Amino acid sequence: QSAMAALARGAFRVGNAAGAIPAASRHLRSPSSLIICRSVQTFSSKATQFSVGKKASHRVNTRRSTLLPSDSRKFSGGSAGKETEVLTQLANIIDPDLGQDIVSLGFVKNLQISGGTVSFDLELTTPACPVKEDFKRDGEMYVKKLPWVTEVKLTLTAQQKGSGSLAGANKSQGCPGLKQVKRIIAVSSCKGGVGKSTVAVNLAYSIAKLGGKVGIFDADIFGPSLPTMTSVEDPKVGLSKDNDAMLAPLEFEGVKLMSYGYTAQAMKSQASVMRGPKVASTVHQLLAFTDWGELDYLILDFPPGTGDIQLTICQEASIDGTVIVTTPQLLSFVDVVRGIEMFFNLNVPVVGLVENMSYFDCGCGQRHFPFGEGHKEQLEREYGTPNGFQLPIHNDISRGSDGGVPMVMMEPSESNTVIQKTYADLAAAVVQEVSKQSTLKEPVPIVEYDDKSDKVIIRPGSGEPIEWTPRKLRERCTCAGCTSCSGDRPDGKPAPVIPAEVWPTSIQAKGRYAIEIRWNDGHGSIFPYKLLQKMNHE
């Protein structure tokens, strides 16, 4: 048996045509070309972040930084010393998402000193930055600590299209309407009836309340929801005033809107009877040829499923992240996993997870879970999905959606304040996660299996390698087939028996957060990088 096991671990190629594997081909950096050789198996994902999850509130650096941007050293004469003093003070402020000081990140712009007056701009990654007021307060406070400063003039700005990571020329390739759109966020569920459109609309308006310019695109041709959920005064699609080859988006409460439900055919209450190619073409026209203008965020309300519409949008528009919406039922969990897998395969990061209709608070003071405790924690653990939130069943949510006013735009009341706060927290977390994903350039981690030492080795871009024996790693599998949050399989069946000799036969990326290991007995395990790091320190 040992001899057969060793033979089974010989050289072969997974994902490509069979053939001899040269020894020099041990390290390939392509998700579709995995090499497993006698001595080492190597995989490198395209973009994996090791720092995932909710970020703490704005914090101040307790260590003084001397790392200054190159342009801060170009001053000459007596003012050079003062500028350095100002930049050194500002380097005490740490961006909570990016983990670096604002000077090293290049946020400080147009620094000018005239006598005791210091003026400068703080160029943030987004105008919807949840901690922008904290940045302004701390910036003024630290600069005023200098004994020669009498006045501080600080202006908050945001990166413009075409600067730094926002360039994204591929966003507008074939989609002229997206040329001035900075970030694109999808909201998806892959399961109908979970309240995805409600979440998408309320998320969009919550981001707008943070200060961002926002648009919503309803990508559901067969069941458009946007016309019902927003009370547009004249809900008819027309041509753009600036370009008669483009459609003009509608607008409600400062947010731009587009949906098939606003077209003439839909307004006549005619059914949308289309085949797949026609549906994809219609979605493309509405998305790509709407004159969205300058937007900080475009929210895409995906229809259920993982078909032509989803693939068309993902191929034509560069999506910065997706928010996954589910409900507590196992049936929803099964479908939402397919959606996460789709976005992983398309290299679109998951930036938020919403378990909708999770509970309701009874007038008796108790909280009830009519559909069970749900699978939010399991998705977070198994797939590394960050920023998980639970939303309750509440009549104000349905009343707002049915009445054409998003719940977050309703007057705050004792009953809906908590829900509005949850949406505000969700918006802040999504904005922060997208900013982090777009700004941080983490080195690519490498995952190897070395059968000489019988170790699975994770080599991060920085820090020490993480090593596991195949058996120890297999025993820590947390997939639904092995365990649930309670420690037992959801179906009550015993967990699969681990064979006497176990080793990985393939290692593949699962988006930016996790790897999937297929074992010699056919079992598959998904390990988020965050979980691997946590396990390594236990």
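In this text the structure is predicted, and so the values were computed from the model without any measurement.
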Gap separating the CE atom of Met410 from the OH atom of Tyr205, nearest 0.5 angstrom | 14.0 Å
Heavy-atom closest pair, residues Glu251 and Lys256 = OE1-CG, 4.3 Å
Rounded to the nearest 0.5 angstrom, the CG-CZ distance for Leu203 and Phe389 is 10.0 Å
List in chain and number order the residues that pass salt bridge (charged side-chain N to carboxylate O under 4.0 Å, His left out) with Asp425, two or more places apart in sequence or in another chain; answer none if no residue qualifies.
-> Lys421
Going from SG on Cys314 to CE on Met342, what distance comes out if it is rounded to the nearest 0.5 angstrom?
-> 5.0 Å
Where the side chain of Gln310 meets the backbone of Pro303, is there a donor-acceptor pair that is under 3.5 Å apart?
-> yes
For residues Ser206 and Val408, report the shortest heavy-atom separation together with the two atoms involved.
-> OG-CG1, 3.5 Å
CA sep, side-chain torsions, deciding dist, call: Asp301, Ser197, side-chain hydrogen bond (donor to acceptor under 3.5 Å, both in side chains) = CA-CA 6 Å; Asp301 180 10; Ser197 295; 2.7 Å; yes
Flag the pair Gln180 / Trp292 as yes when at least one side-chain heavy-atom distance between them is below 4.5 Å, and no otherwise.
-> no
Could you walk me through whether Gln112 and Phe120 pass the side chain to side chain contact (heavy atoms under 4.5 Å, CB included) test, one step at a time?
-> CA-CA 6 Å; Gln112 296 180 357; Phe120 60 94; over 6 Å; no
Thinking salt bridges, do Asp296 and Arg183 make one under a 4.0 Å N-O criterion?
-> no
Which value, rounded to the nearest 0.5 Å, describes the distance between Asp134 atom CG and Ile93 atom CD1?
-> 10.0 Å
May I ask you to test the Leu87-Val108 pair for a side-chain heavy-atom distance under 4.5 Å?
-> yes
Does Glu448 use its side chain to pair, donor to acceptor, with the backbone of Arg459 at less than 3.5 Å?
-> no
Checking Ser104 side chain against Gln100 main chain: does a donor-acceptor pair fall under 3.5 Å?
-> no
Is there a side-chain contact between Leu286 and Phe217, using heavy atoms and a 4.5 Å cut-off?
-> yes
Least distance between heavy atoms, Ala317 atom then Ile184 atom = CB-CD1, 4.0 Å
Indicate yes or no for a side-chain donor-acceptor contact from Thr117 to the backbone of Ile113 under 3.5 Å, with no hydrogens or angles considered.
-> no
Is a side-chain N or O of Asn202 found less than 3.5 angstrom from the main chain of Val199, in a donor-acceptor match?
-> no
Which pair of heavy atoms, one from Val255 and one from Ala208, lies closest together, and at what distance?
-> CG2-CB, 4.0 Å
Note, Ile185 side chain near Ile319 side chain (heavy atom, < 4.5 Å) | no
Can you see which heavy atom on Ser413 is nearest to which on Asp396, and at what distance?
-> OG-OD2, 3.9 Å
Mind checking whether Phe343 and Phe302 have parallel, tilted or perpendicular rings, split at 30° and 60°?
-> tilted
N/O donor-acceptor pair under 3.5 Å between Thr230 side chain and Val232 backbone | no
Does a side chain donor of either Asn243 or Asp291 reach within less than 3.5 Å of an acceptor in the other side chain?
-> no
Who are the salt bridge (charged side-chain N to carboxylate O under 4.0 Å, His left out) partners of Lys376, not counting sequence neighbours?
-> Glu380
Does the side chain of Leu287 come within less than 4.5 Å of Leu178's, by heavy atoms?
-> yes
Donor on one side chain, acceptor on other, Glu355 and Ser358, under 3.5 Å = yes
Do Asp218 side-chain atoms and Ser225 backbone N/O form a donor-acceptor pair below 3.5 Å?
-> yes
Matching residue for Val323 among Ile299, Val430, Leu353, Asn387 - test: side chain to side chain contact (heavy atoms under 4.5 Å, CB included) = Val430
Give a yes or no on whether the backbone of Ile397 and the side-chain of Ser401 come within a donor-acceptor separation of less than 3.5 Å.
-> yes
Sidechain N-carboxylate O distance under 4.0 Å for Lys436, Glu433 = yes
Please examine the side chains of Thr322 and Val351, heavy atoms only from C-beta on, and report whether any two atoms are closer than 4.5 Å.
-> no
Does Asp121 use its side chain to pair, donor to acceptor, with the backbone of Thr157 at less than 3.5 Å?
-> no
Please report the shortest heavy-atom distance between Lys196 and Val325, naming the atom on each side.
-> CA-CG1, 4.1 Å
Tell me, please, whether Trp468 has Lys455 positioned over its six-membered ring: NZ or CZ under 6.0 Å from the ring centre and within 45 degrees of its axis?
-> no
Side chains of Leu257 and Pro249: closer than 4.5 Å at any heavy-atom pair?
-> no
Is Glu85 close to Trp148 at the side-chain level, that is, under 4.5 Å between some pair of heavy atoms?
-> yes
Step-by-step side chain to side chain contact (heavy atoms under 4.5 Å, CB included) determination, Thr326 to Val194 = CA-CA 6 Å; Thr326 184; Val194 301; 5.7 Å; no
Walk me through it: do Thr422 and Leu391 pass the test side chain to side chain contact (heavy atoms under 4.5 Å, CB included)?
-> CA-CA 8 Å; Thr422 302; Leu391 288 169; 3.6 Å; yes
Determine, stepwise, if the pair Tyr423 / Ile419 fulfils side chain to side chain contact (heavy atoms under 4.5 Å, CB included).
-> CA-CA 6 Å; Tyr423 269 115; Ile419 306 173; 4.1 Å; yes
Could you tell me the separation between the CE atom of Met357 and the NE2 atom of His394, rounded to the nearest 0.5 Å?
-> 15.0 Å
Report yes or no: is the cationic atom of Lys132 (NZ for Lys, CZ for Arg) under 6.0 Å from the centre of the six-membered ring of Phe135, at an angle within 45° of the ring normal?
-> no
So CD of Glu294 and NZ of Lys179: to nearest 0.5 Å the spacing works out to 15.0 Å
Say whether, by atom type as modelled, one donor and one acceptor occur between the side chain of Thr126 and the main chain of Ala128 under 3.5 angstrom.
-> yes
